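Along the sequence shown, residues are numbered consecutively beginning with 1. No experiment lies behind these values; they were computed from the predicted model shown.
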Amino acid sequence: MKKDTLRTYALYILIALGVGLLAAAITGGSIESFQTEVVEPSWAPPAVLFPIVWAVLYILMGIGAARVSLKKSPEDPTGELRRGAIAAFILQLIFNFFWSLFFFNLRAFGFAFLWLIALLVLIVRMIAAFYPLDRPAAYLQIPYAAWVTFAGVLNYAIASLN
């Protein structure tokens, strides 16, 4: 792999992980009190699972975005599709970041649920934007969409219980 290619992968992975780490840093104290103050459904996964799953998902997001960023395609001679796909990646990352603040810091569970639905729509939009440029990049986002769907069900359950 060329040096520039490795840099691109590193950049996009670090961007995605950085967003996750920043959100975790801002919500850290709220997450600790969350576990003692908020009623969760019995089927909620253990707290230790969440940072592991999110780390993997952020890495997959970064790999997908890097693949799309590096893609040169005759179907996209001006790079317009590629720019749109990267914009979709960035927009969903912004929504991803703010969900943590709404859910953990503000405990606005109902609003966070609606925000999560918007995030899921943006993830699907990102997958659709990645697909014509690089199918593996799109497929790498399916676990993310699945996890956010599960998170939405969990968010709804927590909103109902609290």
Are Phe113 and Leu120 connected into the same hydrophobic cluster when the rule is that any two of I, L, V, M, F, W, Y join if their side-chain heavy atoms are below 4.5 Å apart? no
Is there a path of hydrophobic side-chain contacts, each under 4.5 Å between heavy atoms of I/L/V/M/F/W/Y residues, joining Phe109 to Leu161?
no
Sorted by chain and number, sequence neighbours left out, ring pair (Phe, Tyr, Trp, His ring centres under 6.0 Å) with Phe34 holds for Phe103, Phe104
Separation between NZ (Lys72) and CZ (Arg82), nearest 0.5 Å, reads 4.0 Å
Sorted by chain and residue number, the ring pair (Phe, Tyr, Trp, His ring centres under 6.0 Å) partners of Phe130 (sequence neighbours excluded) come out as none
query: Under a 4.5 Å side-chain heavy-atom rule over Ile, Leu, Val, Met, Phe, Trp and Tyr, are Leu70 and Leu60 clustered together?
result: yes
Phe97 meets the side-chain contact (heavy atoms from CB on, under 4.5 Å) criterion, sequence neighbours left out, with Val19, Leu22, Ala23, Ile26, Leu101
Give a yes or no on whether the ring-centroid distance for Trp99 and Phe95 is below 6.0 angstrom. no
Heavy atoms of Pro143 and Tyr139 approach each other most closely as CD-O, 3.6 Å
From the list Leu114, Ile117, Leu116, side chain to side chain contact (heavy atoms under 4.5 Å, CB included) partner of Asn155 resolves to Leu116
Side chain to side chain donor-acceptor pair (under 3.5 Å) filter on Ser33, not counting sequence neighbours, yields Arg107
Taken to the nearest 0.5 Å, the spacing of Trp54 CH2 from Ser100 OG works out to 7.5 Å
The side-chain contact (heavy atoms from CB on, under 4.5 Å) partners of Pro136 (sequence neighbours excluded) come to Arg67, Asp134
Shortest non-hydrogen pair, Leu93 vs Met61, comes out as CD2-SD, 4.0 Å
Sequence neighbours excluded, the answer for salt bridge (charged side-chain N to carboxylate O under 4.0 Å, His left out) partners of Glu75 is none
Salt bridge (charged side-chain N to carboxylate O under 4.0 Å, His left out) filter on Arg7, not counting sequence neighbours, yields Asp4
Heavy-atom closest pair (Ile158 atom, Pro41 atom, distance to 0.1 Å) is CG1-CD, 3.8 Å
task: Ignoring hydrogens and angles, state whether a donor on the side chain of Ser30 or Asn105 is under 3.5 Å from an acceptor on the partner side chain.
output: yes
Closest non-hydrogen contact found for Ala88 with Ala129 is CB-CB, 4.5 Å
Please say yes or no: joined through hydrophobic side-chain contacts below 4.5 Å, possibly via intermediate residues, are Leu57 and Leu49 part of one cluster? yes
Closest non-hydrogen contact found for Gln92 with Leu119 is O-CD1, 3.3 Å
| query | According to a 4.5 Å side-chain heavy-atom criterion applied to Ile, Leu, Val, Met, Phe, Trp and Tyr, with indirect links allowed, do Val121 and Phe102 form part of one hydrophobic cluster? | reply | no
Residues passing the side-chain contact (heavy atoms from CB on, under 4.5 Å) test with Phe150, sequence neighbours excluded, are Trp43, Pro45, Trp147, Leu154
Salt bridge (charged side-chain N to carboxylate O under 4.0 Å, His left out) filter on Arg125, not counting sequence neighbours, yields none
For Ile142 and Ile127 the tightest heavy-atom approach is N-CD1, 4.3 Å
Checklist entry - Hey, is OH on Tyr156 packed in by over 12 heavy atoms from elsewhere, all under 6.0 Å? => result no
The side-chain contact (heavy atoms from CB on, under 4.5 Å) partners of Leu11 (sequence neighbours excluded) come to Ile15
In short, side-chain hydrogen bond (donor to acceptor under 3.5 Å, both in side chains) pairs touching residues 114-123 with sequence neighbours left out are none
Distance col, row Ile63:CD1 vs Tyr9:OH, nearest 0.5 angstrom, shows 7.5 Å
Exercise. Hey, is CD on Glu37 packed in by over 12 heavy atoms from elsewhere, all under 6.0 Å?
Worked result: yes
Side chain to side chain donor-acceptor pair (under 3.5 Å) filter on Gln141, not counting sequence neighbours, yields none
